[in-house]
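Sharing a structure with you now.
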Amino acid sequence: MPRIWVEEITKGLYVLRVDDDRVKSFEAIWDLPEGATYNAYLLKTDGKTILFDGWKRSYEAEFIETLKGLTRIEDIDYIILHHTEPDHSGTLPKVLELNGYRAKVFGHPVAGRLVNGFYGIGDKMDFHAIADGEELKLGSRTLKFLHTPWLHWPDTICTYMVEDGILFTGDAFGGFSMPDKLFDDGELDEYLHYVKKYIVNVVGHYKEHISKSIDKLSGMNIEIRMIAPLHGLIWKNDTHKIIEYYRDIAEGKAKKGKVLIVYSSMYGFVEGAIDHIIAKLPKDSVKVFKFTDMEQDSISDALAEVPDSELIILGASTYEAGAFPMMEFFARQLAHKANYKKSVLMISSYGWGGAAARVIKNILSETNFEIRDTVEYRGRADEPILHEIDKSLDKLS
Ligand SMILES: Cc1cc2nc3c(=O)[nH]c(=O)nc-3n(C[C@H](O)[C@H](O)[C@H](O)COP(=O)(O)O)c2cc1C
Ligand SMILES: [Fe+2]
Ligand SMILES: [Fe+2]
């Protein structure tokens, strides 16, 4: 049985959270031994019942059970879809079926097409495409809907519960892992690391939209007393902290002196140069990820270290007239998910004809990364090569 959390977080508003410790690769690509949560919410107010989102379909039975503990499913009047990715919409077909399709489903204009595409429920579902700024009055409570596209799909909306100052934000302001608490109480550093990883792995390709949406929210001059995302912690003590954290990661605010090293080494020839570099840098300022015959580090974790790094050192072996496959993949994800304005030092080794550096330079050529120096050598990094590397390091750090 997965761990399930149900709690009334303010009068008549309940969180329904499931801790997914079974998922191995989020979206079938990003490894997350730390797991993830899916958060749905239920509001009972003024004689109406409103469901916000749902869980992944693999937890459908548990979701229905949990929901039944709070309401008769037939009684749900409205379902709000903040984002239709199936980690949140997977339980929608079952809920609607048990509800007899009574509920009005509210979402971004794109959302109706998406859920119909996924589940074929378009002709039965009473879908209402909400306009940006539209309101739903429920007596003592008002829900104001805002379009916040590309967080992380084009269908994303936020809902502001006006009287309570609660903002439902979809994927935005969420994070990976299964924190042992519901709210932003106590120590947060470990969780924030998983927030950073979530931002880069999941929303990274659309990161410009994070700043845009934050600007839009700030421009509205609304008081945000609580942030209720679809993954991870609910923020009630310090909503500014998570908003600013998201902005910093989206904008790539660097920690002074932080260096990220990612390298491959089949027989230790790239590693020789990398070990030399590591020995020269202050220990606690360096994060190292490697692909060797003894260790295969996580590309998801490596990507998470990009936004707050100052310098990125890539060490790539030449492999079949190209770059070592994991390094090529990592470079492609740098371009795609973590395209930040950062300096790069490229180290590469080859046997009979260098290719890795060229391939990676090509991948990064149209990005914000700037390859400041390349040190390429045959086989091992001997004294003259190490000297060349030292000169580059002096220039760059
Ligand atoms: C499977 C494999 C494929 C390779 N392909 C090439 C190649 O296409 N061109 C080349 O110049 N060297 C090639 N090499 C040689 C390596 O690039 C060279 O030995 C380099 O020093 C490896 O560094 P590393 O031990 O740190 O991975 C290959 C080596 C291996 C094991
Ligand atoms: Fe998503
Ligand atoms: Fe999500």
Side-chain angles (χ1 to χ4, degrees), residues 17-18 20 23 26-30 32 35-40 52-57 59 81-91 108 110-111 114-115 118 148-157 168-177 194-195 198-206 209-210 228-232 261-277 290-295 314-328 337 347-360 375-382 385:
R17 168 179 140 180
V18 63
D20 186 357
V23 59
F26 195 77
E27 298 173 343
I29 178 167
W30 309 114
L32 68 167
T37 82
Y38 314 114
N39 309 339
F52 301 90
D53 306 291
W55 294 348
K56 206 164 83 167
R57 196 172 214 161
Y59 293 105
L81 304 176
H82 287 102
H83 163 43
T84 62
E85 188 169 0
D87 51 337
H88 312 293
S89 69
T91 49
H108 189 282
V110 174
L114 281 170
V115 286
F118 296 149
T148 48
W150 301 108
L151 297 177
H152 106 266
W153 279 8
D155 59 357
T156 313
I157 59 165
F168 298 91
T169 53
D171 277 347
F173 309 122
F176 281 145
S177 81
Y194 294 124
V195 169
Y198 177 81
I199 296 172
V200 184
N201 285 189
V202 179
V203 196
H205 185 64
Y206 308 105
H209 294 274
I210 293 176
L230 295 180
H231 298 284
I261 301 178
V262 184
Y263 72 95
S264 64
S265 196
M266 298 178 283
Y267 292 105
F269 298 117
V270 171
E271 192 157 55
I274 297 293
D275 284 347
H276 174 83
I277 292 173
K290 60 179 87 162
F291 308 104
T292 69
D293 58 349
M294 301 302 286
E295 272 174 83
L314 300 176
S317 332
T318 296
Y319 181 95
E320 296 177 354
F324 190 78
M326 273 75 165
M327 290 307 297
E328 180 173 350
K337 290 267 173 188
I347 307 287
S348 180
S349 172
Y350 60 91
W352 50 95
R358 174 177 42 82
V359 166
I360 289 180
V375 181
E376 203 179 5
Y377 52 92
R378 184 190 302 271
R380 72 192 182 98
D382 58 11
I385 292 294

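Counting starts at 1 for both ligands and their atoms, in listed order. Worth saying up front: this structure is predicted, and the values here are computed from it rather than measured.
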> Nearest protein heavy-atom contact for atom 17 (O) of ligand 1: which residue, which atom, what distance?
Replying inline: Thr318 O, 2.7 Å

> How close does the nearest protein non-hydrogen atom get to atom 20 (C) of ligand 1, and which residue and atom is it?
Replying inline: Ser349 OG, 3.2 Å

> Given side chains that start at C-beta, do those of Trp153 and Leu114 come closer than 4.5 Å, heavy atoms only?
Replying inline: yes

> Of the listed options (Gly268, Ser265, Gly351), which comes nearest to atom 12 (N) of ligand 1 when hydrogens are ignored and any heavy atom counts?
Replying inline: Gly351

> If the Fe ion (ligand 2) is the vertex, what is the angle to NE2 of His83 and ND1 of His152, rounded to 10 degrees?
Replying inline: 100°

> Are Phe324 and Tyr319 near enough that their ring centres are under 6.0 Å apart?
Replying inline: yes

> Can you find an N or O of Met266 that's nearer than 3.5 Å to an N or O of ligand 1?
Replying inline: yes

> Using 30° and 60° as the class limits, which term best fits the ring planes of Phe176 and Phe26: parallel, tilted or perpendicular?
Replying inline: perpendicular

> Taking the inter-plane angle between the rings of His88 and Tyr38 on a 0 to 90° scale, is it parallel (under 30°), tilted (30 to 60°) or perpendicular (over 60°)?
Replying inline: perpendicular

>> Which of the numbered atoms in ligand 1 are under 4.0 angstrom from any heavy atom belonging to Tyr267?
In response: 24 (P), 25 (O), 27 (O), 31 (C)

>> Could you check whether any side-chain N or O of Arg378 sits under 3.5 Å from a backbone N or O of Gly351, counting only pairs where one atom can act as donor and the other as acceptor?
In response: yes

> Taking side chain as C-beta onward, heavy atoms only, is Lys56 less than 4.5 Å from Val23?
Replying inline: yes

> Any luck finding a side-chain donor-acceptor pair between Tyr377 and Asp382 under 3.5 Å?
Replying inline: no

> Can you name the N, O or S atom of Asp171 that is closest to the Fe ion (ligand 2)?
Replying inline: OD2

> Does Ala355 have a non-hydrogen atom less than 4.0 Å from ligand 1?
Replying inline: no

>> Show the atoms of ligand 1 that are less than 4.0 angstrom away from any heavy atom in Glu320.
In response: 3 (C), 4 (C), 5 (N), 6 (C), 7 (C), 8 (O)

> Distance from Asp53 atom CG to Leu81 atom CG, nearest 0.5 Å?
Replying inline: 6.5 Å

> So, do Tyr263 and Thr292 sit near enough that their side-chain heavy atoms are less than 4.5 Å apart?
Replying inline: yes

> In the protein, which heavy atom is nearest to atom 19 (O) of ligand 1, and how far is it?
Replying inline: Phe269 CD1, 4.1 Å

>> Could you identify the single nearest non-hydrogen protein atom to atom 7 (C) of ligand 1 and state the distance to 0.1 Å?
In response: Trp352 CZ2, 3.3 Å

>> Only N/O/S atoms count here: what is the atom of Asp87 closest to the Fe ion (ligand 3) called?
In response: OD2

>> Could you work out, for atom 1 (C) of ligand 1, the closest of Phe324, Tyr263, Tyr319, Tyr350 by heavy-atom distance?
In response: Tyr319

>> Angle at the Fe ion (ligand 3), NE2 of His231 to NE2 of His88, rounded to 10 degrees, please.
In response: 100°

> Ala321 heavy atoms, cut-off 4.0 Å: which ligand 1 atoms fall inside?
Replying inline: 7 (C), 8 (O)

> Do the ring planes of Phe168 and His82 sit parallel (below 30°), tilted (30 to 60°) or perpendicular (above 60°)?
Replying inline: parallel

>> Restricting to N/O/S atoms, is Glu85 within less than 2.8 Å of the Fe ion (ligand 3) or not?
In response: no

>> Pairing donors with acceptors under 3.5 angstrom, does anything connect the side chains of Ser89 and Thr84?
In response: no

>> At less than 4.0 angstrom from any non-hydrogen atom of Gly353, what atoms of ligand 1 do you find?
In response: 9 (N), 10 (C), 11 (O)

